[in-house]
Structure formats: structure tokens, C-alpha cells
Protein chains: 2
Amino acid sequence: MRKKPRQGRSRSMVDSLVEATAICIAEDGLPAATAARIAERAGVSVGSLYQYFARKEDLYAAVLERITVGLKALVAAEIERLPNKSIEDFVRDLLHAVWSYLETDRQRYLRVTRYWAQLEFVAVMNDLERQMTTALGVYLMHHPARRPVQDLPTKVYVLVNSVLFTIVRYISEPSPQARREQIIECFAEMAAALLPAPTKRAGAGAPLKRLPRSPAGRSGTSAPPAARSVSR
Amino acid sequence: MRKKPRQGRSRSMVDSLVEATAICIAEDGLPAATAARIAERAGVSVGSLYQYFARKEDLYAAVLERITVGLKALVAAEIERLPNKSIEDFVRDLLHAVWSYLETDRQRYLRVTRYWAQLEFVAVMNDLERQMTTALGVYLMHHPARRPVQDLPTKVYVLVNSVLFTIVRYISEPSPQARREQIIECFAEMAAALLPAPTKRAGAGAPLKRLPRSPAGRSGTSAPPAARSVSR
DNA sequence: GCCTAATGCGAATATTTGTTCGCATTCAAT
DNA sequence: ATTGAATGCGAACAAATATTCGCATTAGGC
């Protein structure tokens with residue numbers, strides 16, 4: 001950022017600029033997110049834009065940062081609740097939370113993320129993977145299964161990638177075949193298969209609380225209590 | 001395409017234009033793949049370019065088409081060999097083949113695919129999903145497991161997405177933690193978990209041959225002719 | 001070898017885009 | 001109210017880009 005906003009009005013202008021950038025990218029695509037259009041959407045002049053952002057790429061970076069902060073906080077919060085859950089429930093709840101978050105404001109963030117290659121979104125994913133790997137490593141240490149988990153970093157890498165990109169693509173092509181709930185369920189199943197934890201009915205002395213898996217899972221944004229395929 | 005190339009020289013020019021486009025996108029990114037630069041790389045003039053492609057987007061489409069044709073053929077070939085394999089081996093071999101294909105020529109195609117959002121790559125993925133869903137549907141009908149597979153389209157949707165995007169991202173961020181072989185193994189495991197086939201030692205009357213799961217899987221791009229899973 | 005259609009060219013044009021700069025306006029402290 | 005700094009503006013400029021067009025070159029049947 002070229003200059004720091006000291007007064008209130010400039011701070012709010014910077015804010016609305018970042019938001020306008022997100023909207024422009026989400027609604028008209030990254031190539032259409034030009035300086036003039038962003039300024040217009042934010043209701044300021046291009047001159048003002050360049051007073052706080054030296055290059056328009058800095059604006060993109062600011063948008064990414066905004067997305068990242070919320071995402072990391074959300075994941076951290078979910079990880080806090082991990083110790084008392086099964087992996088399957090953890091993944092389910094995490095996915096509901098992430099999906100809802102990325103979907104707010106007409107899927108604004110989700111649509112921005114489509115341009116991950118040009119927005120250095122990979123750095124964010126790296127962070128998320130690290131976060132998840134350590135958390136799951138600790139969890140698996142406390143809940144050892146008969147067959148130990150091999151290659152945890154690889155599995156987390158694959159899972160995080162798969163989850164995020166599948167969600168991102170889902171808004172590009174919602175696929176009437178696959179509904180959101182089913183996809184989440186699918187990932188929960190995948191994670192459980194990849195990271196075998198002790199079976200629920202007989203935790204090996206582990207402090208795993210028996211959770212009476214509610215039929216609709218945790219309340220998502222607006223998920224109807226549809227009939228859910230009961231596993232096990 | 002604006003005009004059809006009738007003579008040999010124009011056909012080869014169109015060809016080199018498409019290739020140059022792929023190289024430009026792969027090496028310098030989609031925004032840098034401008035008409036002038038593409039023409040220069042192809043060794044022709046911009047005028048000639050616009051004689052066969054009305055808009056530069058048509059060039060992008062041609063590149064995508066070229067990638068698609070190879071990919072579909074490859075998948076079809078792998079599907080042909082599916083009936084005699086386990087799901088796990090099928091996924092393993094398919095992934096090796098797809099990965100090698102996308103990696104040829106300094107990962108040209110792989111790098112192009114990073115811009116899937118702006119290249120309508122989703123249509124390709126839709127096709128692939130359809131192809132896979134029907135093939136796996138037939139397979140599972142012939143190799144019924146005790147617990148029938150639910151929601152096959154969803155699972156294929158998730159798997160195809162996950163595989164492709166994970167491969168694509170792998171070239172953006174190879175992650176020293178996860179090597180290619182491990183990732184493929186991981187996906188094979190995931191697929192096997194999601195699509196339960198009869199256990200190998202006792203196929204329920206199914207013509208599934210017992211395959212001696214080789215520890216390193218099948219040979220990759222430039223591997224020696226190692227012990228390969230024999231088909232029938 | 002001739003002739004016509006196909007092909008290839010690249011300077012020229014109209015837009016679009018990123019970025020700057022001098023000047024007007026507003027704030028906050030005195 | 002005064003004043004200096006912060007803020008906001010948008011016309012203006014340079015560079016890049018997509019696309020066109022009239023003209024030169026070439027191929028291939030006769």
C-alpha cells in the first residue's frame with residue numbers, strides 16, 4: 001500500500017475499494033477488473049485509488065488477504081473443536097463452515113477464488129495445509145488406530161486441494177447430479193477412509209466422546225433436513 | 001475459425017499458431033498471450049493470424065480442443081482395460097497416464113489448464129465425468145459388492161474434480177512433502193474406499209482376477225519396464 | 001509458363017488500460 | 001477563523017492491444 005490512510009474517510013475508502021475489487025472480479029471476471037471500473041464501482045476516482053494502491057495487483061492482493069483472514073480464523077475455530085469429534089464429523093462441520101463462508105454475498109469470495117492461479121492463492125492453501133497437518137497429526141497421536149496413518153502430509157495435501165477446488169468448481173458448474181450435501185458427505189467419507197481412527201463404539205481408551213450423530217448434521221446455512229444416507 | 005485452410009502451408013500455419021498459443025499461455029500466462037506475441041512465436045504475422053481466427057478467444061478454444069482430444073482418447077483407452085482390473089489399479093494406471101500426458105513438453109498442457117476458469121475447461125470435465133460415471137456404473141454392476149455404492153455420480157464428480165485440480169496445482173506448488181507417486185497412491189486408496197468392490201480374495205462370482213499389488217505400482221513416464229499389472 | 005484463387009504480410013486505426021500530476025476540497029488542531 | 005496536512009479528483013499521457021485492409025507473394029491446375 002502506497003500511503004497509509006490516517007483519517008476515517010480514507011480508511012473507509014480503502015475498504016470500499018477492496019470490496020469493489022472483489023465484486024468486479026466476482027461478477028465480471030478478473031480481466032474486467034480494471035482500475036477505472038473498480039474506482040467507479042467504489043464511487044471514487046482513479047486518482048484516489050492510486051493514492052493508496054501503487055499497482056492494481058496490490059488491490060488484488062488486498063482482496064485475497066481479506067478472504068484469507070476469514071478463512072484461517074474459521075479453520076482455526078473448527079480445529080479447536082476437533083479433539084472431541086470423529087474425523088468424519090470434523091470434516092463435515094469444517095466443510096459446512098468453509099462452504100458457507102465462501103458463499104456469502106452472492107458467492108463473492110468463491111467467484112474470486114476461480115482465479116487462484118493469478119492471485120497467488122497457493123500460498124493460502126499452503127498455510128491451510130500446514131495448519132491441518134499439525135492438527136490432524138496431534139489428533140491421530142491421541143487417537144491411534146490399529147493401522148497407523150502413513151504419509152499424513154500427502155493425504156492432507158490431497159484432501160485440502162480436493163475440497164477447495166471442488167467447492168470452487170461447484171459454483172462454475174453446480175452439476176445437478178451432485179448436490180452440496182452429498183459432496184460434503186462424500187468428502188467426510190473420503191477423509192475417514194484415508195485417516196483411520198479408532199471405531200466409535202470402542203475407543204481404545206481415547207477421550208473420544210460418543211456423539212449421537214444427528215441426522216442432519218450441524219446446521220449449515222440453509223440446509224433442509226433431507227434424508228441422509230446413514231453410514232455404518 | 002474464420003476461413004478454412006485449403007493448402008498445406010496454411011494448415012501447418014494454423015497448427016503452429018495453436019501450438020504457439022499453448023506455449024505463450026504456459027510460459028508467460030494467459031494475460032500475456034496476446035495476438036502479437038502469439039503470431040511472433042509462431043513465426044507468422046498478425047494479419048495471417050486473423051485470417052483463420054476471428055477473435056483470439058478462438059485460438060484459446062483451439063488449444064483447449066487439442067488438449068481435450070488427447071485426454072479423452074487416453075481416458076477411453078484406459079476405460080477399455082477397466083473390466084479386468086480392480087478399481088484401485090484402474091485409478092492408479094489412469095492417473096499415471098493422465099499425468100504423463102499433461103506433463104509432456106515441459107508441462108505445457110498442465111500449465112495451460114491453470115486458467116481453466118477463462119478457458120471453459122469445465123465442459124471438458126463434464127464430459128470426462130459422464131464418461132467415467134457410465135463406465136464405473138457398468139463395472140459396479142458386474143462386480144457388485146456387499147454394500148452397494150450410493151450416489152455414484154456425486155462420487156465421480158468429486159473424484160474427477162479432485163484428481164484434475166490436484167494435478168494442476170501440483171505444478172504450481174510441487175510440495176516437497178508430497179511426491180507424485182504418493183499422491184497417485186492416495187487417490188487410488190480414496191477411490192477404492194469410495195467405490196467398494198468385492199474383496200479380492202473372494203470375488204462373488206465376478207471375473208476379477210487376483211492382482212498381486214506391486215509395491216511401486218505401475219511404471220511412470222520414463223520408468224523401466226517394471227513388473228506391470230497383467231491384464232487377464 | 002500463365003492465371004486465378006489462396007495465402008501471407010505488416011503498417012495503420014481505434015480502443016482500452018495503467019498511471020501520473022496539478023489543483024480543489026476537507027479535516028483537525030490551534 | 002486560520003492554517004497546514006491529508007484527502008480527493010479527473011483530465012491528460014503513454015503504452016499496449018485487438019482487429020482491419022490494401023497489397024505483395026505463392027501454389028497448383030491448365
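Letters A, B, ... are given to chains in the order of the sequence lines, protein chains preceding strands, and every chain is numbered from 1.
- Counting any heavy atom pair closer than 4.0 Å across all strands shown, B:R11 reaches no nucleic acid atom.
- Ranking C:dT17, D:dT17, D:dA27 by closeness to the B:R9 side chain, first place goes to D:dA27.
- Among the nucleotides C:dT7, C:dT20, D:dT7, the one closest to any side-chain atom of A:Q7 is D:dT7.
- A:S10 has a side-chain polar atom (N or O) that falls below the 4.0 Å cut-off from OP1 or OP2 of D:dT7.
- At the phosphate of D:dT17, OP1 or OP2 sits under 4.0 Å from a side-chain N or O atom of B:R37.
- The structure places CZ of A:R81 at 10.5 Å from CG of A:N84, a figure rounded to the nearest 0.5 Å.
- The B:T34 side chain lies nearest to D:dA18 when the options are D:dA18, C:dG18, C:dT7.
- Counting non-hydrogen atoms under 4.0 angstrom, A:K3 reaches a base of the nucleic acid.
- When all heavy atoms of A:A39 and A:V46 are compared, the closest pair comes out as CB-N, 3.9 Å.
- In this structure, A:Q51 places its CD atom 15 Å from P of D:dA5, rounding to the nearest Å.
- Residues in residues 153-187 of chain B take part in these ring pair (Phe, Tyr, Trp, His ring centres under 6.0 Å) pairs, two or more places apart or across chains: A:F165-B:F165, B:W99-B:Y170, B:W116-B:F165.
- At least one side-chain heavy atom of A:R169 sits under 4.5 Å from a side-chain heavy atom of B:M125.
- Checked by atom type and distance alone, the side chain of B:R108 never pairs as donor or acceptor with a backbone atom of B:A22 at under 3.5 Å.
- Distance from the side chain of A:A35 is smallest to C:dG18 among C:dG18, C:dA6, D:dG8.
- In this structure, B:R6 atom CZ and C:dT4 atom C1' are separated by 14 Å, rounded to whole Å.
- Distance, A:D58 CG to C:dG18 P: 13 Å, rounded to whole Å.
- A straight line from CG of B:L17 to P of D:dT19 spans 14 Å, rounded to a whole angstrom.
- B:H96 and B:E181 share a side-chain donor-acceptor pair at under 3.5 Å.
- Atom CD in A:E40 sits about 13 Å away from atom P in D:dC9, given to the nearest Å.
- Remark: C1' of D:dA15 and NZ of A:K56 are 13 Å apart, rounded to the nearest angstrom.
- Remark: P of C:dT7 and CG of B:D15 are 15 Å apart, rounded to the nearest angstrom.
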Pairs: protein N or O with nucleotides 10-13 of chain C N or O, under 3.5 Å:
unit_1, atom_1, unit_2, atom_2, d
C:dG10, N7, B:G47, N, 3.4

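- Put simply, CE on B:M13 is 15 Å from C1' on D:dA27, counting in whole angstrom units.
- Residue A:Y50 has a polar side-chain atom (N or O) positioned under 4.0 Å from OP1 or OP2 of C:dT19.
- Contact annotation: B:Y52 reaches the phosphate of C:dG8 (side-chain N/O to OP1 or OP2, under 4.0 Å).
- Between A:L194 and A:K155, the closest heavy-atom pair is O-NZ, 3.4 Å.
- The shortest distance between side-chain heavy atoms of B:K72 and B:T68 falls below 4.5 Å.
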